[in-house]
Asks: 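Have a look at the structure that comes next, please.
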There are 2 protein chains.
Amino acid sequence: MARLAGVSRATVSYVLNNTSAVRISEPTRRRVHEAAKELGYVPHAAARSLRAGHSRMVLMPAPRVPVGPLYSRFFDELQWSLSRLDYTVVQYGGVGLHGDEAARAWAELRPVAVIVPDEGLGPKGVAVLKRSGARAVVTMGPEHVEGAHALVMDHQEVGRAAGAHLLDRGRRRLGVVVPEARGLDVFSRPRLAGVRRAVRGTDATVTELPLAYEEEAAARLAARWRSLGLDAVFAYNDEYAMLLMRALQDEGIDVPGETALLGADDLVLGRLLRPRLSTVHLRLPAGRDLAELVDRVVRDPTAVPETHEVLGSRVVHRESS
Amino acid sequence: MARLAGVSRATVSYVLNNTSAVRISEPTRRRVHEAAKELGYVPHAAARSLRAGHSRMVLMPAPRVPVGPLYSRFFDELQWSLSRLDYTVVQYGGVGLHGDEAARAWAELRPVAVIVPDEGLGPKGVAVLKRSGARAVVTMGPEHVEGAHALVMDHQEVGRAAGAHLLDRGRRRLGVVVPEARGLDVFSRPRLAGVRRAVRGTDATVTELPLAYEEEAAARLAARWRSLGLDAVFAYNDEYAMLLMRALQDEGIDVPGETALLGADDLVLGRLLRPRLSTVHLRLPAGRDLAELVDRVVRDPTAVPETHEVLGSRVVHRESS
DNA sequence: TTGAAAGCGGTACCAC
DNA sequence: GTGGTACCGCTTTCAA
């Protein structure tokens, strides 16, 4: 590259980075740019960050959980906001790595910040990342992790809101759907626990209903529905709610007359069902705000880790409950 | 690190990589491992790949399109398979970058392979990537790109299958829903074109129906439905089909009696609708196969680029058509 | 205005 | 067995 333009490597660097501390003559700039174009020259990011001692890479382990449209939108916004702040967002496919082993793998890339969407990063993992140069570590999970900034997303609150709503509606024998799909228990367990908490101190009961996301599984559940003696069910989310509503209706069970039904996520499809689906609307944090938090912490890593409760839950009452 | 263990950098490298060409004494190995643990030492991936001249990184620009469960499963499998082959999968959030500019940004990372899910990579982009050291470039899009291996996913075929099915069912005045959500036209345009192709040479007509994914938009469309004089509609996918089915039914329009309705993607929700939704089932390639293609090409980059048609379309006839 | 050279953190060859 | 050292590609003083 330098040879082709007939200049030194240094000059190339100056020209391509528009280094303001150094003035390069127009003819030279042109020669460099032409040579770069001709060779299809692209700088080597690794070499650059090696020399610089830092990068602008924000690393985000890809969530191991199938994510819905809600999360996708949040993530898109986050990514876009970080790009605007001149960070490079990279999702790392750490399939098969767990705990501190995963943290080490991430640390090898020397990201300036790490955003961990799942649970599974411990205090030791945080320490490894920080020692390796990560200036910001942000977790998005059920609880705070020592040393990291945390966006606490307490899905128990979702269950609590659901339970409270059903009690309000006069229901006392509550079922709670727990998806059998592995990976979803990160969410389903806390939601179930939340319903349990909501009924504490009342005469209401909570029945756990394992359910696979398949028509037949739902039909089997519906077939034994009356024997369960439930008058309400929180169906984990809108999709499971739709699955169950169909099965119940096929079985001749009136919703909400005989059984109230409540979903979560407030998807469009809930409004298309008949009866219209009551649901727990979740409010995720704005991707923009997270991006700004990351940026702030990167600039001042000494800031004491903040913990924010970010999962807003609000029941949207329609016709199914 | 070397200092703490009281050995040279070289020795550290030998120990941590279990270099077989060199034998290190047990006591030394222990000292190195202890020092590493104590410091939380993690090797610097950039330095390593800089020295090695290559990496095992497979780069995948994050798709700009909201992806459904179908694609998510495919991608998970791909990622898992590549991990097993000892590649590191990284999704690059290239929001805001286009065409060759994006290709340059990817090339900076010096990935050993690049898998491009969207359209938008041109022959020049491919060349840039290859010159920068990418041994495999695979595109997944509507058409083959010069110089790259291609998994051609021709969504026209989806539309063609849909159109043919509706014609088979005796329909002649076909509507085709075209989502207004920007980004989706990558898929919706070819699907529409496919329907057009299917009716070519017949007396059937095709009417384009722009539609936003909102209840009100669907209601407005349904309100003027009879004036459109359509006897069938291909609703882009199952979710739009559900949206439209509800609106039509609310308007008192019988499905399939008055209007046949066809979705795509074969989601679970289609089976839950009444009437059960006919749909175009898409068969994506196995993530495993793509992983093996990538690996094969990485090992022998001289292989002449292969082009595979990978999008299988099959109409699943249920009750709505 | 430009070039020479050091050094980022590893790896691998060659001496000792 | 272990250490010295050159080198990967780039940035950044410092001199010329």
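Chain letters run A, B, ... following the sequence lines, proteins first and then strands; every chain starts at 1.
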Asks: Distance from A:Arg110 atom CZ to A:Leu129 atom CG, nearest 0.5 Å?
Replies: 10.0 Å
Asks: For the pair made of OH in B:Tyr14 and C1' in C:dT11, what is the distance, rounded to whole Å?
Replies: 8 Å
Asks: Taking CG from B:Asn17 and P from C:dA12, how many angstroms apart are they, rounded to a whole number?
Replies: 7 Å
Asks: Can you check the A:Leu50 CG to C:dG9 P distance for me, whole Å?
Replies: 7 Å
Asks: Heavy atoms under 4.0 Å, any strand shown: does A:Thr28 hit a base, just sugar-phosphate, or nothing?
Replies: sugar-phosphate
Asks: Can you find a side chain N or O atom of B:Thr11 that sits less than 4.0 Å from OP1 or OP2 on D:dG3?
Replies: yes
Asks: May I ask you to evaluate whether A:Ser25 reaches the phosphate of C:dT2, defined as a side-chain N or O under 4.0 Å from OP1 or OP2?
Replies: yes
Asks: Nearest whole Å is fine: how far is D:dT11 P from A:Leu16 CG?
Replies: 8 Å
Asks: With a non-hydrogen cut-off below 4.0 angstrom, is A:Val15 in contact with a base, only sugar-phosphate, or nothing?
Replies: nothing
Asks: Taking the nucleotide of DNA chain D with the nearest heavy atom to each, does B:Gly53 or B:Ala10 sit closer to the 5' end?
Replies: B:Ala10
Asks: Determine whether a donor-acceptor pair (one donor, one acceptor, N or O, separation below 3.5 Å) exists between the side chain of B:Arg9 and the base of C:dG10.
Replies: yes
Asks: Classify B:Arg51 by what it touches in the nucleic acid, base, sugar-phosphate, or nothing, heavy-atom distance under 4.0 Å.
Replies: base
Asks: Looking at A:Tyr41, I'd like to know whether one of its side-chain N or O atoms comes within less than 4.0 Å of OP1 or OP2 on D:dC10.
Replies: yes
Asks: Base, sugar-phosphate, or nothing for A:Ala52, non-hydrogen atoms under 4.0 angstrom?
Replies: nothing
Asks: Rounded to whole angstroms, how far apart are CZ on A:Arg30 and C1' on C:dT1?
Replies: 16 Å
Asks: So, A:Glu292 and A:Arg288, do they make that salt bridge, N to O below 4.0 Å?
Replies: yes
Asks: Whole-Å distance between D:dG9 C1' and B:His44 NE2?
Replies: 13 Å
Asks: Whole angstrom is fine here: how far is it from NE2 in B:His54 over to P in C:dG10?
Replies: 16 Å
Asks: Below 4.5 Å, heavy atoms only, C-beta onward: do A:Arg29 and A:Asn18 meet side chain to side chain?
Replies: yes
Asks: Do the charged groups of A:Arg299 and A:Asp295 touch, with an N to O distance under 4.0 Å?
Replies: yes
Asks: Mind checking the CG-CZ spacing from B:Leu78 to B:Arg73? Nearest 0.5 Å is all I need.
Replies: 13.0 Å
Asks: Quick one: label A:Arg110 by what it contacts on the DNA or RNA (base, sugar-phosphate, nothing), any heavy atom closer than 4.0 Å.
Replies: sugar-phosphate
Asks: Nearest-Å distance, CZ (A:Arg48) to P (C:dG10)?
Replies: 20 Å
